[in-house]
Amino acid sequence: MREEFPILQREINGYPLVYFDNAATTQKPNSVINAMNDYYSNSNANVHRAVHTLAGEATEGYESCRSALKARFNANKAIITSGTTEAINLVAHAWGRANLSDGDAIILTEMEHHSDIVPWQMLAQEMNIELRFIPVQKDLTLDMDLFEAAIEGAKLVCVVHISNVLGVCNPVEKIIDIAHRNGARVLLDAAQSAPHQDINFEELGADFMAFSAHKMCGPTGIGALLVTDDAFDEMQPFMGGGDMIETVSIRGSTYQKNEQKFEAGTPRIAEAIGWTEAIKWLNSVDIKTEHKRILNSARWLANQLRNLGMKVYARHGDNDAAVVSFLHPTMNSEDLAHLLDARGFAVRTGHHCAQPLLERLEINGTVRVSLYFYNTHEEVVSFVEYFTEIMERFA
Amino acid sequence: MREEFPILQREINGYPLVYFDNAATTQKPNSVINAMNDYYSNSNANVHRAVHTLAGEATEGYESCRSALKARFNANKAIITSGTTEAINLVAHAWGRANLSDGDAIILTEMEHHSDIVPWQMLAQEMNIELRFIPVQKDLTLDMDLFEAAIEGAKLVCVVHISNVLGVCNPVEKIIDIAHRNGARVLLDAAQSAPHQDINFEELGADFMAFSAHKMCGPTGIGALLVTDDAFDEMQPFMGGGDMIETVSIRGSTYQKNEQKFEAGTPRIAEAIGWTEAIKWLNSVDIKTEHKRILNSARWLANQLRNLGMKVYARHGDNDAAVVSFLHPTMNSEDLAHLLDARGFAVRTGHHCAQPLLERLEINGTVRVSLYFYNTHEEVVSFVEYFTEIMERFA
Amino acid sequence: MNYSAELVELIEEFKEIDDKMERLEMVFELADEVNLLPSDQWTDSTRVHGCQSEAHVKIGLVNSNVNFQAGADSKLVQGLMGILTMAIHGCDANIVLELTPNFASEMGILNSLSPSRSNGFRNMFDKVMNEIRTQLEAQL
Amino acid sequence: MNYSAELVELIEEFKEIDDKMERLEMVFELADEVNLLPSDQWTDSTRVHGCQSEAHVKIGLVNSNVNFQAGADSKLVQGLMGILTMAIHGCDANIVLELTPNFASEMGILNSLSPSRSNGFRNMFDKVMNEIRTQLEAQL
Ligand SMILES: Cc1ncc(COP(=O)(O)O)c(C=O)c1O
Ligand SMILES: Cc1ncc(COP(=O)(O)O)c(C=O)c1O
């Protein structure tokens, strides 16, 4: 698999790149890079409504992404956005502003990424809506008792499927069940789960699901919102422009009926074509086996780091992601990351766009190792070896 | 120049591609394609805040786009968006909702693209704002007397710099002058002018300027909004998420002070890197000379088409774009486009996302030939030859 | 299903043409095969949706034979209607219902058209088949 | 400007190191050169903005000689402060003001750092120079 990813041949400071920043963004296989290259070199044109050959090819390429998304995730409606963040903002504007009113409540969790917090804070301020944050417990799980207690009066539940900081997979089936029994819709932030699991959207039962291509081997600049037919019917247009309208006159406009209603302007054509290939690539991976493999590496790594005196923030249950967030008792995280980079190890430090979670954990940030399917156990072992050397020389 | 654009080697139905759909989107030179390729193959990482080498390279690549935009257009603030459409919607949400109120007026023109109409119709409905459309006259220019009469009470003037249907360049200096003397801000839709002119944003004096990379040899999925410092200070955040915040807590959030405030979520990294190369390419072109050359070809084409009995909708003054919109007296435009495609000629038909303009012209659509710098006069001549053949065989 | 001799011949003729313009030219010529539905009889119920231009079809059953009238503001679309005319007009409705749009693919005309046009053809085909089915059922 | 002998030597030493980790190690060691500004004296006015971690600097002029105190929660940042200490501490303020951040580039340390860290160094450098300039002017 590794030879399909050209960047994995790269050297950093004379050492082979060991890319452990996959929760931030994943690398791209040749098939994805080449498809975009080929599009720009052979088929580039604007989509929809045009008659010429290139426009036909571009339109088919763009729409193939929607088909691939619907097929992979078993969804009826796939709106293409610029990423998870825009997908969530789309729900806030297109669904939230039309379906919520003064005094309604939205449930969030303390584990949310800023992208699933800030849009709701802005909406809450505009519409006088109450935000209820479900706390994260000492064992790094959500307090489900408090969730059940908080559900009354809530119209929407926004929950991260897998935490990008902890790798913890939340009990979303249960959350969806409780929410629906209480008449609340559910938005799933699947930015971290879509790359790591086979998700059946219709079966899972969420109303909205947001995720980004770049975290699942696809290009930057594109993502999607899956929506059930019912929720789709409740959505009002968000951004206005070309492609999302049926007719425009100076007296008023009418809108498209399908997903294009929410895709104003020239869409992300090359990106859609690249993403289609990334989905094909993911379809070809035995995700269950690969997930088990990298999760075991993560468990091993967590233990090694604990033995070296690190504080590790992870659970590593079977559905959790292969993410290891940790802190050195005294050494500054960015210093550590600089030293790791000196030998080619790419890890992330900082607040990971999840400050409320860190506030609950009473820390400012972590060092985060996040694995993906192209990572090997040997890489993890070499990480531990070098990490041990750093500890001996610097700590 | 042509050999820099790989797609221009392509054959369609056994004939060389003659790409005359440049107002819809332009083709990409190798430097742009290769830069993105290289990014994904060697430097792909998420931007901002990370310590490792790839993240540094990605961040520098992304920010180089902003620098290139500021330098090319002489602007202090360049917000990166997904395109012209999102840039205009950003003004509507971030500036419009914060600075307009019940009873205010916005001036638009009948020449606007749907992307510069629908966002304002949506805002007008939400906030009870009056939209005043400046009519297009028989000679295809804006009625400036009516504009002067309409300016009173207007807080914002939205005007397309160059019409994508007619190629007509509007007197934006005069419009900006009148608007500013009456205390109205001006949003320029520069989707068609940014690719064809050297624009000095500060000197021109507009408050906002929106345009797309894909129409100026850059990638899909990215565009920009230039903003003056004054107008920037009046803008409230639009979409919420990562990167646009300074701090987030469950009690509330604070925002970035610079352009990132309006760039929520993982940005369009590869696209920014590609666009940077496109801007470099454009900087290397002698735009005045090239513009004159293709404009002359367009004038010649317009005359030939008139001689063949077509109704041509164009003015072709010195600042107008090399666009020729026309109609056959009886033959269906899409039929014509299909026949043109049979010999490799890519033209666009339909309403070009400007239905109010077509309504004023009392037509449903046009056939549109739009030239760019890599087009040659020989291509235009061969177009006329084949067009003549079609007329003889089919009309 | 078995194609009519006329349709088989037409498919063969199309297959022999390599040049896209000539293929389009042939489609244009087939516009004359259409039993024209005059534009003053175009209504919302005759309209084929999802076509970029105006396209209208009307189905009648004479005994159980299909009577197909059509009209469009595009000659190309009307040519496609001409092909459909040759495939179904005057034929027994029960046999017609076995037809799939494959015959048009076999001719190579669908991939000579822009995706929106070939979608338009499929929409027209589906609408015609649905009408025939409804009217057949109504006769029972 | 002319660098102090100490600084020239340091630049040479850095230039000889190819390995990034060793270069970082040397920066770490230079953290000891800093005249520590204790964290209870960190205030908003000592803070270097645009640094990811906490970084604080304080300038005093003894006659016209620079007295440089600093502190950070990152040892790497403190090492950079150590380098700056060797470049300016105890030197004549008028001479120091001729310094540019070039010496750090010459050492190759800036491109061993992430862009945010090397920006942080530039911000620190600018803040220190501004303080020196302000205090010099106040003395006049
Ligand atoms: C004048 C004008 N404005 C706005 C747009 C919208 O640009 P985009 O679709 O790239 O957002 C276009 C292009 O389609 C245009 O020509
Ligand atoms: C859990 C989670 N939600 C949302 C996001 C935002 O995704 P994007 O930045 O691609 O919009 C991320 C990634 O940064 C994430 O990890």
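No hydrogens, no waters, no symmetry mates; every other heavy atom, side chains included, goes into these values. To find a chain, count down the sequence lines: A is the first, B the second, and so on, and within it residues start at 1. Since this is a predicted model, take the numbers as computed values, not measurements.
With a threshold of 4.5 angstrom between heavy atoms, Leu123(B) does not approach chain A through any atom at all. When heavy atoms are compared at a cutoff of 4.5 Å, Ile117(B) approaches chain A solely by way of its side chain, counted from C-beta outward. Proximity to chain A is limited to the side chain of Asn13(B), based on heavy atoms less than 4.5 angstrom apart. The contact between Glu57(B) and chain A is made entirely by side chain atoms (from C-beta outward), counting heavy-atom distances below 4.5 Å. For a residue to count as touching a neighbouring chain, one of its non-hydrogen atoms must lie under 4.5 Å from one of that chain's; by this rule Phe5(B) does not touch chain A. Only the backbone of Val347(B) comes within less than 4.5 Å of a heavy atom of chain A; no side-chain atom from C-beta onward does. With a 4.5 Å cut-off on non-hydrogen atoms, Pro267(B) touches chain A through its backbone but not through its side chain. Contact annotation for Glu86(B): both backbone and side-chain heavy atoms come within less than 4.5 Å of a heavy atom of chain A. For Tyr40(B), the parts sitting under 4.5 Å from any heavy atom of chain A are the backbone and the side chain alike. For a residue to count as touching a neighbouring chain, one of its non-hydrogen atoms must lie under 4.5 Å from one of that chain's; by this rule Asp21(B) touches chain A with the side chain only. In this structure, chain A has a heavy atom under 4.5 Å from the side chain of Glu359(B), while its backbone stays farther away. For Val367(B), no part lies under 4.5 angstrom from a heavy atom of chain A.
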For residues 239-248 of chain B, please give each side-chain donor-acceptor pair under 3.5 Å, one per line with the distance, not counting sequence neighbours.
{"from": "Asp243(B)", "atom 1": "OD2", "to": "His48(B)", "atom 2": "ND1", "distance (Å)": "2.9"}
{"from": "Thr247(B)", "atom 1": "OG1", "to": "Thr254(B)", "atom 2": "OG1", "distance (Å)": "2.7"}

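The aromatic rings of His93(A) and Phe238(B) stand perpendicular to each other, their planes meeting at an angle above 60°, with 30° marking the opposite boundary. Between Phe345(B) and Phe20(B), the ring planes are tilted. Angles from 30° to 60° get that label.
Contact check on Glu271(A) versus Arg268(B) returns no salt bridge, with no Lys/Arg side-chain nitrogen under 4.0 Å from an Asp/Glu carboxylate oxygen. At a threshold of 4.0 Å, the pair Lys261(B)-Glu263(B) does not count as salt-bridged, since none of the basic side-chain nitrogens sits closer than that to a carboxylate oxygen.
Contact count against chain B (heavy-atom pairs under 4.5 Å) is highest for Arg251(A) among Arg251(A), Glu110(A), His113(A), Lys215(A).
Nearest heavy-atom pair across Gly218(B) and Lys28(B) is O-NZ, 2.8 Å.
Of the candidates Thr84(A), Asp189(A), Thr85(A), Thr85(A) is the only one forming a side chain to side chain donor-acceptor pair (under 3.5 Å) with Ser115(A).
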